[in-house]
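Accompanying notes for the structure given below.
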Amino acid sequence: QVDLVESGGGLVQAGGSLRLSCAARGRTPNIYAVGWFRQAPGKEREFVVTISRSGGSTDYADSVRGRFTISRDNAKNTVYLQMNSLKPEDTAVYYCAAERDGLGSRVRQLYDYWGQGTQVTVSS
């Protein structure tokens with residue numbers, strides 16, 4: 001069992017930045033790949049970015065590439081999502097998820113554990 005806790009969400013103006021954190025607790029959390037997904041009101045949960053267990057491989061959705069950066073500190077069991085140049089369309093609840101395979105995926109059904117989410121609101 002792995003428990004994931006997101007933090008760092010909030011309200012920011014367009015063009016601003018936020019850094020989200022995903023802290024993992026439980027059995028060997030560092031063997032998991034971690035993904036970030038987001039869900040806006042009335043929309044399906046969508047893939048944002050993923051990072052492999054080693055941190056050596058990342059994959060970004062086209063909508064965030066060049067603006068968001070994912071990283072992980074396995075010593076702290078934490079994954080970070082630095083979000084720059086935020087746009088109103090980035091407004092959503094952001095969820096982190098852990099995938100036992102360790103490679104990362106864009107497919108949310110492949111993730112084994114999910115956090116409760118953190119709200120990000122970008123005003124225009």
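Sequential numbering from 1 along the given sequence is applied to the chain's residues.
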- Any pair with a residue in residues 44-80 that passes disulfide bond (SG atoms under 2.5 Å apart), sequence neighbours left out, goes on the list, sorted by first then second residue, please. none
Throw together a table of side-chain donor-acceptor distances under 3.5 angstrom for residues 13-21, partners on residues two or more places apart or in other chains.
{"unit_1": "S17", "atom_1": "OG", "unit_2": "N84", "atom_2": "OD1", "d": "2.9"}

- Message: Taking L4 as the starting point, is it possible to reach I31 by hopping between hydrophobic residues whose side chains are less than 4.5 Å apart?
- Response: yes
- Item | For N74, side chain to side chain donor-acceptor pair (under 3.5 Å) partners two or more places apart | R72
- Query: Do R25 and V5 come within less than 4.5 Å of each other through their side chains, counting heavy atoms only?
  - Reply: yes
- Item | Student check: side-chain heavy atoms of E99 and T50 closer than 4.5 Å | no
- Message: If the threshold is 4.0 Å, N to carboxylate O, is there a salt bridge linking D62 and R65?
- Response: yes
- Residues at least two apart in sequence or cross-chain that pass side-chain contact (heavy atoms from CB on, under 4.5 Å) with Q109, listed by chain then number, are V107
- Message: Under the ring pair (Phe, Tyr, Trp, His ring centres under 6.0 Å) definition, can you give me all pairs with a residue in residues 58-82, not counting sequence neighbours?
- Response: none
- Task: For residues 39-117, pull every pair meeting disulfide bond (SG atoms under 2.5 Å apart), keeping only residues two or more places apart or in separate chains.
- Result: C22-C96
- Task: For T121, check side chain to side chain donor-acceptor pair (under 3.5 Å) against everything at least two apart and list the hits.
- Result: Q119
- Partner residues of Y113 under the ring-ring contact (aromatic ring centres under 6.0 Å, His included) criterion, sequence neighbours left out: Y32
- Query: With sequence neighbours excluded, what pairs up with E89 under the side chain to side chain donor-acceptor pair (under 3.5 Å) test?
  - Reply: none
- Going by side-chain heavy atoms closer than 4.5 Å, which hydrophobic residues are tied to Y111, directly or by a chain of links? F37, F47, V93, Y95, W114
- Note on the structure: Only residue of E6, R38, Q39 satisfying side-chain hydrogen bond (donor to acceptor under 3.5 Å, both in side chains) with Y94 is R38
- Message: Under the rule for side chain to side chain donor-acceptor pair (under 3.5 Å), what residues qualify as partners of D59, not counting sequence neighbours?
- Response: R106
- Message: Going by the rule side-chain contact (heavy atoms from CB on, under 4.5 Å), which residues pair with A40 if we only count those two or more places apart in sequence or in a different chain?
- Response: K43, A92
